[in-house]
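Below is one structure, written out as structure tokens; the observations come after it.
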Amino acid sequence: MLNVCRLTSTLEPGFDPAAINRTAPTIQMTSFVNRRQFMIEWGHCDPAGIVFNSRFFEFFDWGTWTLFEAALGVKPHELGPTYGIMGIPLVDAGARFLAPARFGDVVELTSRVSEFRRSSFDVEHQLLVHGALAVEGKETRVWAARDAADPSKIKSQPIPPEVTARFA
């Protein structure tokens, strides 16, 4: 059974999705991969003991933040002050569910940035159960700061070259 899920969100009032410049030159990333092993807990599961699909998006979020921490050496809560941004908000996410993950399974989540653009980037995730691919996920995030002219809005910022260099 193959399930496909897609989630799109603007998260903040005033965010302009058109600000994501998809026509800008891109940097393909393939070398920096972060791996995290963890056990599936009962709270991740539905009453049948199978991971509830929306939990995988939580796992992907963990994967992105630990990937950036490993690459940049900056704790997630220090990313904003260190780089002068408000964060890396999620603007698109999707997943393919290939096999279940169950209560008590020890799983491995691998995450990598697959592409950097001017101010946005894609993160790919794979969740392995007993060494077999169970879920594939993809996120698009934006390097964003509050708009100086209107702090209720978020404005994309160019990703600094020193950040992208850490993922090469």
Side-chain angles (χ1 to χ4, degrees), residues 1-12 20 26-83 85-117 119-144 159-168:
M1 177 171 76
L2 176 67
N3 293 320
V4 178
C5 181
R6 183 147 215 78
L7 168 71
T8 302
S9 173
T10 57
L11 297 179
E12 293 281 338
I20 301 173
T26 62
I27 301 170
Q28 299 294 321
M29 292 290 138
T30 58
S31 61
F32 194 89
V33 175
N34 191 62
R35 289 178 171 78
R36 177 182 185 176
Q37 287 189 344
F38 60 97
M39 182 180 290
I40 298 298
E41 303 290 341
W42 181 251
H44 299 139
C45 300
D46 62 18
I50 298 170
V51 174
F52 183 62
N53 286 355
S54 66
R55 288 296 201 159
F56 292 107
F57 293 98
E58 181 181 350
F59 301 160
F60 300 158
D61 188 60
W62 293 348
T64 297
W65 288 103
T66 57
L67 173 70
F68 270 73
E69 182 177 354
L72 301 177
V74 175
K75 298 278 185 197
H77 68 277
E78 296 169 348
L79 188 66
T82 301
Y83 291 99
I85 59 173
M86 58 74 57
I88 51 173
L90 179 70
V91 295
D92 191 42
R96 288 183 349 126
F97 304 97
L98 307 169
R102 293 180 166 81
F103 177 52
D105 284 342
V106 175
V107 300
E108 180 176 88
L109 177 66
T110 62
S111 303
R112 73 179 186 93
V113 174
S114 60
E115 184 177 342
F116 277 111
R117 291 174 291 279
S119 60
S120 65
F121 56 94
D122 294 331
V123 183
E124 294 177 348
H125 306 279
Q126 292 186 330
L127 187 101
L128 305 175
V129 177
H130 304 294
L133 181 61
V135 182
E136 293 178 313
K138 185 175 180 182
E139 297 177 319
T140 299
R141 291 182 177 256
V142 175
W143 194 263
I159 301 169
E162 63 269 19
V163 169
T164 58
R166 300 297 297 265
F167 289 84

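When a residue number appears, it is its place in the shown sequence, counting from 1.
- The distance from atom OG1 of Thr82 to atom CG of Leu72, rounded to the nearest 0.5 Å, is 9.0 Å.
- Residues satisfying the side chain to side chain contact (heavy atoms under 4.5 Å, CB included) test with Phe52, not counting sequence neighbours, are Ser54, Arg55.
- Evaluation of the side chain to side chain contact (heavy atoms under 4.5 Å, CB included) rule for Glu69 yields Lys75, Pro76 as partners, not counting sequence neighbours.
- Residue Glu108 forms a side-chain contact (heavy atoms from CB on, under 4.5 Å) with just one option from Arg36, Gln126, Arg35, His130, and that option is Arg35.
- In this structure, Phe60 and His125 have parallel ring planes: the angle between them is below the 30° cut-off, well short of the 60° mark.
- Contact annotation: the side chain of Phe59 never approaches that of Val135 to less than 4.5 Å [non-hydrogen atoms, C-beta and beyond].
- Checked against side chain to side chain contact (heavy atoms under 4.5 Å, CB included), Ile159 has the following partners two or more places apart in sequence or in another chain: Phe116, Phe121, Trp143, Val163, Thr164.
- Side-chain contact between Asp61 and Leu90 is absent, with no heavy-atom pair separated by less than 4.5 Å.
- Atoms CD1 and CD1, on Ile40 and Ile50 in that order, are 12.0 Å from each other to the nearest 0.5 Å.
- Shortest non-hydrogen contact noted between Pro81 and His77 is CD-O, 3.7 Å.
- In this structure, Ala101 and Val129 approach most closely via the heavy-atom pair CB-CG2, 3.9 Å.
- Gly63 approaches Ser111 most closely through the heavy-atom pair CA-OG, 3.5 Å.
- The CZ atom of Phe167 sits 14.0 Å away from the CD atom of Glu115 when rounded to the nearest 0.5 Å.
- Asp122 and Ser114 share no donor-acceptor pair across their side chains, judged by distance under 3.5 Å alone.
- The two residues Ala95 and Phe57 make their nearest non-hydrogen contact at CB-CZ, 3.9 Å.
- A distance-only check finds no donor-acceptor pair linking the side chain of Asp105 to the backbone of Val107 [under 3.5 Å].
- Separating the CG atom in Leu67 from the CG atom in Asn34 is a distance of 5.5 Å, to the nearest 0.5 Å.
- Aromatic ring centroids of Phe68 and Trp65 lie 6.0 Å or more apart.
- For the pair Cys45 and Phe103, the tightest heavy-atom approach, listed with the atom from each and the gap, is SG-N, 3.7 Å.
- A 4.5 Å side-chain heavy-atom check between Arg141 and Val113 finds every atom pair outside the cut-off.
- Note that the CZ atom of Arg112 and the OG1 atom of Thr64 stand 12.5 Å from one another [nearest 0.5 Å].
- Smallest separation of non-hydrogen atoms from Arg166 and Phe32: O-CD1, 4.0 Å.
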